[in-house]
Number of protein chains: 2
Amino acid sequence: MSATLQDVAALAGVSIKTVSNVVREYQHVRPSTRARVQAAIDELGYVPHSLARRLATGRTGMIAFALPAIETPYFAELAAVVSTEIGGFDYRLLIEQTAGGLADERAVLRGREQGLIDGLIFQPTVLDAEAIEQLRGSTPLVLLGEIAAPPTVDHVMVDNIAAARAATFHLLHSGRTRIAFLGHVPTGGHATAGLRARGYLSALADSGAHRDDDLLIPMTGFGAFAAEAAVVDALEAGVRFDGLVCFDDLAAIGAMKALARSGRVVPDDVGVVGWDDILMSQFTSPGLTTVRPDKSALTRTAFRMLRERMDGADGPGRHELVGFDLVVRGSTAS
Amino acid sequence: MSATLQDVAALAGVSIKTVSNVVREYQHVRPSTRARVQAAIDELGYVPHSLARRLATGRTGMIAFALPAIETPYFAELAAVVSTEIGGFDYRLLIEQTAGGLADERAVLRGREQGLIDGLIFQPTVLDAEAIEQLRGSTPLVLLGEIAAPPTVDHVMVDNIAAARAATFHLLHSGRTRIAFLGHVPTGGHATAGLRARGYLSALADSGAHRDDDLLIPMTGFGAFAAEAAVVDALEAGVRFDGLVCFDDLAAIGAMKALARSGRVVPDDVGVVGWDDILMSQFTSPGLTTVRPDKSALTRTAFRMLRERMDGADGPGRHELVGFDLVVRGSTAS
DNA sequence: TTGTAAGCGTTATCAG
DNA sequence: CTGATAACGCTTACAA
């Protein structure tokens with residue numbers, strides 16, 4: 001097994017407290033003692049045992065990021081930012097995938113990691129405010145995304161309704177008249193999809209544009225394949241549109257493939273807008289117009305709020321909005 | 001603070017040992033006792049403290065996956081598979097990003113997490129066998145990827161030379177004569193790039209095809225942008241080719257964009273092959289022909305070897321190859 | 001079947 | 001400046 005403080009202390013002929021002092025770079029250690037201890041450390045190849053240290057200090061130095069699926073580009077990109085961000089504060093990242101499942105989301109909040117992590121950043125997809133309120137333990141928590149957060153917990157999100165309105169207006173202003181929304185989820189199923197659809201609908205209403213239930217194209221599941229299938233179905237069912245607001249970039253990419261296969265040209269026949277501005281959106285042809293959430297502000301804000309909670313901040317949940325841009329590329333050229 | 005075994009024991013009027021037995025679902029507990037304890041647990045909302053448990057048992061239940069960058073689709077997809085895989089064995093995943101940097105790679109091996117994790121799956125990019133051998137601590141370790149592994153540690157990889165040969169021959173057999181390789185890194189810099197270039201060169205040699213140093217297109221850095229820039233440069237420098245083997249799918253996607261911008265048509269003017277079969281490769285137009293490593297076998301094998309090591313298996317490092325397919329799509333149609 | 005007590009490897013308090 | 005010694009919360013012989 002690995003060497004312990006005891007071993008080092010024995011070899012150096014001092015108490016473990018002194019070794020501990022050396023290891024933690026405590027100032028008041030006589031240089032000669034320090035040298036002797038250091039020699040023993042080197043000889044034994046001693047490395048502190050994180051767990052024990054963490055148990056003793058009560059600080060684990062780990063924060064968990066619970067997200068639906070790490071292979072979704074948006075979340076992978078977010079995780080990368082979080083990881084880098086917290087690394088600067090000497091935290092490590094524990095990734096938890098919930099697969100968007102109710103059971104997993106509960107388990108995450110239930111404090112499966114009770115005592116293992118100092119804080120949790122969590123993007124739920126199906127849990128509602130009440131459930132979150134009820135299930136959450138004492139671990140500092142910051143929520144990401146579009147769910148309605150309970151009043152007691154911190155929450156960061158993009159204004160999805162405003163962004164969806166901006167996307168829809170952008171299509172309308174380029175002269176398109178029949179705008180569809182891809183990614184509709186029947187009532188209550190999915191908070192994010194719901195908000196985006198609401199923004200889309202409100203833009204249609206405000207502009208007096210054509211509105212039709214057929215233009216709410218449902219998707220069973222998420223991702224590019226589901227989107228492709230959904231658009232194929234809609235086209236075959238005779239739904240006609242010249243603009244398409246998509247749930248996210250993956251959906252937009254799937255949609256563009258379906259459109260191409262059916263002989264429609266983007267942007268001439270149909271203008272397409274995505275959401276997230278994942279890296280790939282710059283490499284589709286044409287490039288994908290998309291809502292770009294300020295990922296950096298999102299993670300930075302979330303981590304700041306989490307730190308404040310971990311430092312013991314009390315008080316009601318705070319709710320912060322971060323900005324977005326509409327990045328215009330070829331898919332909506334007019 | 002959270003409730004502890006003590007609290008529960010006090011409330012239930014039993015010893016902490018009994019509570020512990022109930023929590024760990026130890027069989028021989030009198031039902032009435034169990035019920036009383038369970039009631040106390042529920043009342044207090046007791047959740048076991050993972051750290052303490054882990055310290056006592058010596059098993060932490062965490063394995064780390066150290067990879068260059070989580071936002072790279074290939075690694076994100078791999079991480080997703082690993083996460084799911086180990087979840088089935090009740091392990092959790094700690095993600096470590098090395099950013100392909102020497103310092104970070106050392107730190108990972110150095111056992112920064114000494115005692116925090118039960119095992120480590122590590123995909124190095126710059127560390128060589130000797131350094132790995134020297135730096136690794138006592139934590140069970142499995143290496144992923146193309147570096148030359150030291151003889152003492154387990155290692156799983158795809159036969160990169162064979163795969164690069166297959167990709168190159170595929171282009172040659174479709175009648176192309178000037179095949180370039182995108183992603184060349186001058187000597188020794190990058191093991192993966194080196195092996196793939198070697199496979200490419202050996203296929204050219206075996207088939208007597210045209211070979212030219214200009215056809216080794218260098219990239220500064222990785223990813224789609226770097227690839228796009230590299231191809232633009234090569235074309236401007238007058239390099240001519242009708243087939244292109246790319247370091248990975250991202251590079252291929254960047255290359256296709258550069259080719260399109262220069263008025264070249266894929267696959268008519270240039271056939272393109274990628275590597276990894278990331279999700280997006282099915283959504284480019286045309287679809288991207290690519291080397292598909294058997295990700296599932298890769299992670300499954302790695303985790304199996306790691307489990308064996310964590311169970312105390314001794315012996316020299318094992319070296320396993322997992323398979324690959326060449327997935328043919330539109331980008332190399334002839 | 002249940003309780004007592006000794007760790008697990010640190011940190012932290014308080015004398016000396 | 002350094003040494004005992006008590007936590008941290010749990011598991012696990014060993015007893016009862």
Side-chain angles (χ1 to χ4, degrees), chain A residues 1-38 40-41 44-62 111-118 137-139, chain B residues 1-38 40-41 44-62 111-118 137-139:
Chain A
M1 270 298 112
S2 312
T4 75
L5 276 188
Q6 299 272 14
D7 303 333
V8 177
L11 179 60
V14 298
S15 82
I16 70 171
K17 175 55 163 56
T18 304
V19 181
S20 175
N21 282 342
V22 171
V23 170
R24 283 176 302 126
E25 303 185 342
Y26 180 65
Q27 292 308 318
H28 308 285
V29 178
R30 191 183 302 157
S32 64
T33 311
R34 179 184 299 280
R36 196 148 39 93
V37 170
Q38 189 58 53
I41 289 177
L44 266 39
Y46 167 78
V47 180
H49 186 112
S50 333
L51 269 198
R53 168 177 292 177
R54 289 156 204 256
L55 179 60
T57 53
R59 176 199 189 264
T60 73
M62 280 197 289
R112 182 163 54 178
E113 305 314 350
Q114 173 75 259
L116 179 57
I117 56 173
D118 292 331
S138 51
T139 307
Chain B
M1 271 299 114
S2 312
T4 75
L5 276 188
Q6 299 272 14
D7 303 334
V8 177
L11 180 59
V14 297
S15 81
I16 72 170
K17 173 56 161 55
T18 303
V19 181
S20 174
N21 282 341
V22 171
V23 170
R24 284 175 302 122
E25 304 186 338
Y26 180 66
Q27 292 308 317
H28 308 285
V29 178
R30 190 182 301 156
S32 64
T33 312
R34 180 185 298 281
R36 194 148 39 92
V37 170
Q38 189 58 53
I41 289 178
L44 265 40
Y46 168 78
V47 180
H49 186 112
S50 329
L51 268 199
R53 168 176 291 179
R54 289 157 205 259
L55 180 60
T57 54
R59 175 195 189 268
T60 73
M62 282 198 289
R112 182 164 54 178
E113 306 312 352
Q114 174 73 261
L116 179 57
I117 57 174
D118 291 332
S138 51
T139 307

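Naming: A, B, ... by sequence-line order, numbering from 1 per chain.
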Counterpart residues, side chain to side chain contact (heavy atoms under 4.5 Å, CB included), relative to B:T4 (two or more places apart): B:Q6, B:D7

Name all residues meeting the side chain to side chain donor-acceptor pair (under 3.5 Å) criterion together with A:R30; count only those two or more places apart in sequence or in a different chain, and write none if there are none. none

Regarding the side chain of B:T4, the nearest nucleotide among D:dG9, D:dG3, C:dT10 is D:dG9

Phosphate contact (C:dT2 OP1 or OP2) by B:T18 side-chain N/O below 4.0 Å: no

With a cut-off of less than 4.0 Å, is there a side-chain N or O of B:T33 near OP1 or OP2 of C:dT2? yes

Please list, one pair per line, the donor and acceptor atoms closer than 3.5 Å that link side chains of residues 31-38 of chain B to other protein atoms, with sequence neighbours excluded.
{"from": "B:R34", "atom 1": "NH2", "to": "B:Y26", "atom 2": "O", "distance (Å)": "2.9"}
{"from": "B:R36", "atom 1": "NH1", "to": "B:A12", "atom 2": "O", "distance (Å)": "2.7"}
{"from": "B:Q38", "atom 1": "NE2", "to": "B:D42", "atom 2": "OD1", "distance (Å)": "3.1"}

Those residues at least two apart in sequence (or on a different chain) that pass side chain to side chain contact (heavy atoms under 4.5 Å, CB included) with B:L55 are A:H49, A:A52, A:L55

Find the distance B:D7:CG to D:dG9:C1' and express it as a whole number of Å. 10 Å

End-to-end bend of the helix from C:dT1-D:dA16 to C:dG16-D:dC1 (five-pair axes, 10° rounding)? 40°

With the sugar-phosphate defined as primed atoms, P, OP1 and OP2, and the base as all remaining atoms, what B/S/- string results for nucleotides 11-16 of chain D, 5' to 3', for protein heavy atoms under 4.0 Å? BBB---

Which of these nucleotides, C:dT10, C:dG3, D:dC1, is closest to any side-chain atom of A:H49? C:dT10

Which whole-number value in Å describes the distance from A:Y26 OH to D:dG3 C1'? 13 Å

Testing C:dT2, D:dT2, C:dG3 for proximity to the side chain of B:S15, the answer is C:dG3

How close or far is atom C1' of C:dA6 from atom CD of A:Q6, stated in whole angstroms? 14 Å

Check the distance between C:dC14's P and A:H28's NE2 and give it to me in whole angstrom. 18 Å

Between D:dC8, D:dA4, C:dT2, which one does the side chain of A:L55 approach most closely? D:dC8

